[in-house]
Amino acid sequence: MEKIIDIRSDTVTKPSPGMREAIADAEVGDDVFEGDPTVQKLEAVVAELFAKEAALYVPSGTMGNQVCLKAQSSPGDEIILDTESHIANYEVGAAAVVSGLQMRMIDCPGGLMSPERVAQVIRVDNIHCPKSRIICLENTHNRHGGVVMPLERMRAIAEVARANDLLVHLDGARIWNASAATGIPLADYAATADSLQCCLSKGLGAPIGSMVVGSRQFIKRARRARKMFGGGMRQVGILAAAGLYALEYNLPRVGEDHQKALAFAERVRRIDGVVLRPDPPPTNIVVIDLAGAGKTPGDVLAALEQAGVWMVPFGATLIRAVAHLDVSKDEMLDAAEVLARVIEA
Ligand code: TLP
């Protein structure tokens, strides 16, 4: 069987030989007792990278987001977030279920939340109303095609938050990509947020793991929330070692994935009736709108799969491809050719 080109997500990467060696050599201890030296090193490295006081290792981005929300809210509070955000769309309603939060979703055209709109939906102090508590940002933005939210915009939203006694949470699952695309240090993005989660298992090629970052006080509460969610892990230094390896060797090369996505987009945009959203792709995510091509995502994805190319559905007329560590530029170009063949058939 010919090689499969799997561009469903940047989560599909497999640990490299070097990463596996780091895993094998990791020093470990019981992390619930805060006795795992490799986890502690990873947490220290990440806290420093984001210029925050402390960090916490969690199994997934979803748990990262949910731990941050739980640690900073009370049931009945309201969080303000983009209708297209990951927290609103892909976390199985966890904010409502596990933290009792009401989600106030606002439309954010182009993935750019407007500080004015946020200010409009903050609740007044009234016995009838939920308390507006956290504004959730996402950078880069998954459902908006990997768009980078400009730092100035984040700062403006943070100002609205502070003026109204709200907190800012940043879903920075792909904050690496934002930083690689703009050259803005991770710490500058982090400075706009009270809590942040970022994924080692996306552009960085680790098999698992996300980091929650913030003040020491906040991380103490987050550690408790993680335990409540069943995310307290024991000799987990074997996985933290993969995270440390990913930061050292794979973080510096994240921008290469943007080049691969651009090369792919170059070919895909010439397919009749196809539109990229947005065009050009700003980072490593390419969202392809098939509406004008007269094909459904289901049909196109099935034909692609037959030809050994894997992408995912992303809406009524949309499919998504994501460039990552384990796919080459030539494979991305091959995938684009196959897509052209499938659509123009
Ligand atoms: N996103 C996955 C799917 O869940 C859609 C993907 O393939 O892109 N925040 C953002 C912005 C994300 O894109 C994701 C994962 C998460 C959080 C959750 O991370 P995990 O999958 O580790 O729970």
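The structure displayed is predicted, hence computed values, not measured ones. Just so you know, ligand 1 is whichever comes first in the structure, and atom 1 is the first atom listed for that ligand.
If you check which protein heavy atom lies closest to atom 23 (O) of ligand 1, you get T62 OG1, 2.6 Å. When only non-hydrogen protein atoms are considered, atom 11 (C) of ligand 1 lies nearest to E138 OE2, 3.3 Å.
Proximity of M63 to ligand 1, defined as any heavy-atom pair under 4.0 Å, is not found for any part of the residue. Residue contacts with ligand 1, taken as heavy atom pairs separated by less than 4.0 Å, involve N65 solely via side-chain atoms from C-beta onward. Both the backbone and the side chain of S60 come within 4.0 Å of ligand 1, judged by heavy-atom distances. Contacts with ligand 1 closer than 4.0 Å are made by side-chain heavy atoms of N142 only, the backbone lying farther away.
When the side chains of ILVMFWY residues are joined at heavy-atom separations under 4.5 Å, either directly or via intervening members, L204 and V327 end up in two distinct hydrophobic clusters. L290 and V322 fall into different hydrophobic clusters, where Ile, Leu, Val, Met, Phe, Trp and Tyr are joined by side-chain heavy atoms under 4.5 Å apart, directly or via other members. In this structure, Y189 is a member of the same hydrophobic cluster as I157, with clusters built from ILVMFWY side-chain heavy atoms closer than 4.5 Å. Under the 4.5 Å side-chain heavy-atom criterion for grouping Ile, Leu, Val, Met, Phe, Trp and Tyr, V58 is not connected to L200 through any hydrophobic cluster. Cluster membership check: M332 shares its hydrophobic cluster with I5, using side-chain heavy-atom separations under 4.5 Å among Ile, Leu, Val, Met, Phe, Trp and Tyr.
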(request) Go through H258 and T283 one step at a time and tell me if the side chain to side chain donor-acceptor pair (under 3.5 Å) criterion holds. (result) CA-CA 5 Å; H258 304 177; T283 52; 4.9 Å; no
(request) Show your reasoning for whether salt bridge (Lys or Arg N to Asp or Glu O under 4.0 Å) applies to K14 and D326. (result) CA-CA 8 Å; K14 294 180 183 164; D326 288 0; over 6 Å; no
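At least one heavy atom of K202 sits less than 4.0 Å from an atom of ligand 1. Using a non-hydrogen distance threshold of 4.0 Å, R8 does not register as a contact of ligand 1. Heavy-atom separations between H141 and ligand 1 are all 4.0 Å or longer.
Close approach of ligand 1 to S9 (heavy-atom distance below 4.0 Å) involves ligand atoms 6 (C), 7 (O), 8 (O). Taking a cut-off of under 4.0 Å to the non-hydrogen atoms of G61, the atoms of ligand 1 that pass are 18 (C), 19 (O), 20 (P), 22 (O), 23 (O). Within ligand 1, counting atoms from 1 as listed, the ones closer than 4.0 Å to a heavy atom of R174 are 6 (C), 8 (O), 12 (C), 13 (O). Remark: ligand 1 atoms within the under-4.0 Å shell around heavy atoms of R320 are 6 (C), 7 (O), 8 (O). Close approach to D171 involves these atoms of ligand 1, each under 4.0 Å from a residue heavy atom: 9 (N), 10 (C), 11 (C), 17 (C).
Side chain of E78 to backbone of M103: no donor-acceptor contact under 3.5 angstrom is found.
Heavy-atom proximity to atom 3 (C) of ligand 1, evaluated over H86, R143, Q66, is greatest for H86.
Interatomic distance, L101 CG to D77 CG, rounded to the nearest 0.5 Å: 6.5 Å. Note that OG of S85 is 10.5 Å distant from OH of Y90, once rounded to the nearest 0.5 Å.
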